[in-house]
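Everything below concerns the one structure shown next.
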Amino acid sequence: MPRRRVTVLALTGLTAGLVVGAPAGPAVADPVPDRQPLAVGTGGAVATVDPDATRVGLEVLAEGGNAADAAVAAAAALGVTEPYSAGIGGGGFFLYYDAASRTVTSIDGRETAPLAMGADAFLDEAGDPLPFSEAVRSGLSVGTPGTALTWARALEEFGTLSLADALRGGTELAEDGFVVDETFRQQTAENQEKFATFAASADLFLPGGAPPEVGSVFRNPDLAETYRLLADEGVDELYTGELAADVVRTAQDPPEAAGVAPVRAGLLTEEDLARYDAPRREPTRAEYRGLEVYGMAPPSSGGSTVGEALGILDLFRLGSLPAVPVLHHYLEASALAFADRNTYVGDPAYSQVPLAELLSPGFAAERACVIDPAAALAKPVPAGVPDGEYGPCPAEDAGAGESGAEGPSTTHLTVGDAAGNIASYTLTIEQTGGSGITVPGRGFLLNNELTDFTFAGADPTVPEPNLPAPGKRPRSSMAPTIVLDDGEPVLALGSPGGSTIITTVLQTLVNRIDRNMDLAEAIAAPRATQRNTAAVQAEPAFLAAYGEELAALGHTFTENPEIGAATGIEYLPGGLLLAAAESDRRGGGSAGVVHPVPGTGTTDSAPQLGDVG
């Protein structure tokens, strides 16, 4: 699908000859051309799924803002142009490298369950799990939003701008509008029935009762006014003010359209919003080929699962192997790490997550022992036992846990500034279109993140770490990632895609480090995802290139037309930055730098990373 789009204002700018980081007058960034998956230059880099969001982030960098400032500004823009994937009605995880202190830290902006929610919240009167679509399209699925507080905390902890300044680009974008492309129209059409259920959603996203036409201008003045309110009053307005009351009222009594059957009411209260916090957390850390790979700790399973899989793969010297053996080991390590993720990872405030053991070299060696280079393991594989006592091979395995159901939506942005600060930020409202419920008069959708909980455990005799509980954060697969080499920034990346986020990030790292692709190639390469299931899901191009040889090793496949939508940045020799996004998936992404260097090619510029042997 062709990717959107620049704003009406930006279309004028294209003809005005604006120059990125121009020395005279206000610093302004050129509108980023549609479908630009690669940019190399200096002054800072931004990669998102959307040209307008990338442009907004670059303008902040051009005006002297740092990576945190630009990330918040770009995220606010995505709340306008990607409202079905992100926005202040949702949450996410913000991973940040501070160049001055040479440290990585994170902000946990994951949504929380209402205090009134119990373990049986998603069971019907007979004790059976609710149909997933029914649970999604309801107030019951709405968790306490965390995005706005994440933005405020990121600016306070790491940034230089006020929230009002960071929201300016998104506010103008909501007010002036953007040009609808086929991606936006199709996503609207796919959610038409859901949006038509709720009056405010139908009014906003289905003008005249139908999805907006390609080429039309989509404006969201209600969201512009909401951003102005947050700029003037601060994010407390969303947690204790009138905006909080509107969110609670909407979740508790979703405003169905006329003639629509009632949906399930939500449990969110004003107390839930007032109690919400977006805490800083220590990131996960794994070593891979001598590099330091940082990710998001629980309640996300992204950092632990990517890190465990890397620990397993680090025991095999893949750099000298052909593609098929490398991919075989990638798929096997993914299955093993997912078995452990499903069994052990949940909100650490409610479950004892053996994080240190999951990431330990001893556990990695025990898990790696079962990989046969010549034959695929039967799937699903059982979980390992991360108990600190490891032999050369496991003597006994635990059962495999439930994976839960995560939507394929979400968005990821990656920002690096000239000083070496990096923001890797994944944010979401869960399913494409979230719960489908727009807060009347406020211009944003509410999340359905609570459907990320496991509705019912597979085995009542085995503890399930991801059941609902009061105030609990559902397990996530979001995997914002930052890679350092001896404390210096090397690259950062992330992706949307539900639980395929983990495998997308892992495969991209393997492509970049072990297969020595440049970052743009590593992102564009065909994907497969093995999440401890009987069959591997794979894109058509992956099956065409590798399917027959991998099938001969015992892997079985089902086709998935598209997996993930990654973005990343890399610090190159000579002070250059590389920004990379998808060339085709989700219509193509948008990569930009403040000062482009004409004629710079990635293959010539990308060094070998790590000790691949």
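Only this structure's heavy atoms are used, side chains among them; waters, hydrogens and symmetry mates stay out.
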With no hydrogens and no angle check, do the side chains of [X] and [Y] hold a donor and an acceptor under 3.5 Å apart?
X	Y	value
S499	S477	no
S495	H412	no
T567	T414	yes

Considering residues at least two apart in sequence or located in another chain, which fulfil the ring-ring contact (aromatic ring centres under 6.0 Å, His included) criterion with Y294?
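Applying ring-ring contact (aromatic ring centres under 6.0 Å, His included) to Y294 gives none.
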Mind telling me whether F184 and F178 have parallel, tilted or perpendicular rings, with 30° and 60° as the class edges?
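Perpendicular.
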Between Y84 and F205, how do the two ring planes meet: parallel, tilted or perpendicular, split at 30° and 60°?
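Judged by the thresholds at 30° and 60°, the geometry between Y84 and F205 is perpendicular.
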Can you tell me how far apart CG (L509) and CD (Q507) are? Round to the nearest 0.5 Å.
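Reported value, rounded in 0.5 Å steps: 10.5 Å.
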Taking [X] first and then [Y], would you say they form a salt bridge - that is, a charged N and a carboxylate O separated by under 4.0 Å?
X	Y	value
R442	D222	no
D347	K472	no
D277	R153	yes
R280	E157	yes
E172	R168	no
R473	E111	no
E562	R527	no

Between P465 and Y344, is any pair of side-chain heavy atoms under 4.5 Å apart?
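Answer no - side chains too far apart.
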Are side-chain heavy atoms of F93 and S476 found at a separation under 4.5 Å?
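Yes, their side chains come closer than 4.5 Å.
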Please step through ring-ring contact (aromatic ring centres under 6.0 Å, His included) for the pair Y425 and Y96, ending with a clear verdict.
CA-CA 8 Å; Y425 183 23; Y96 196 74; over 10 Å; no
Within the distance-only criterion (no hydrogens, no angle test), does the side chain of N448 pair as donor or acceptor with the backbone N or O of S141 below 3.5 angstrom?
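Not a single qualifying donor-acceptor pair exists.
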Donor-acceptor check, side chain of T197 to backbone of E193, threshold 3.5 angstrom: yes or no?
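Yes, the answer is positive, given that a donor and an acceptor are paired below the 3.5 Å cut-off.
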Passes side-chain contact (heavy atoms from CB on, under 4.5 Å), T411 versus L427? Steps please.
CA-CA 6 Å; T411 193; L427 60 161; 3.9 Å; yes
Kindly indicate, with the supporting measurements, whether the criterion salt bridge (Lys or Arg N to Asp or Glu O under 4.0 Å) is fulfilled by E233 and R228.
CA-CA 8 Å; E233 304 296 332; R228 290 191 188 98; over 6 Å; no
Working for side-chain contact (heavy atoms from CB on, under 4.5 Å), residues V104 and E282:
CA-CA 8 Å; V104 181; E282 286 295 315; over 6 Å; no
Output, in order, the C-alpha distance, side-chain angles, deciding distance and verdict of side-chain contact (heavy atoms from CB on, under 4.5 Å) for V248 and L273.
CA-CA 8 Å; V248 168; L273 285 166; 3.4 Å; yes
Return yes when atom CD of E190 has more than 12 non-hydrogen atoms of other residues, nucleotides or ligands closer than 6.0 Å, and no otherwise.
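More than 12 heavy atoms, drawn from other residues, nucleotides or ligands, come within 6.0 Å of this atom.
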Residues in side chain to side chain donor-acceptor pair (under 3.5 Å) contact with T171, at least two apart in sequence or another chain:
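Side chain to side chain donor-acceptor pair (under 3.5 Å) list for T171, sorted by chain: empty.
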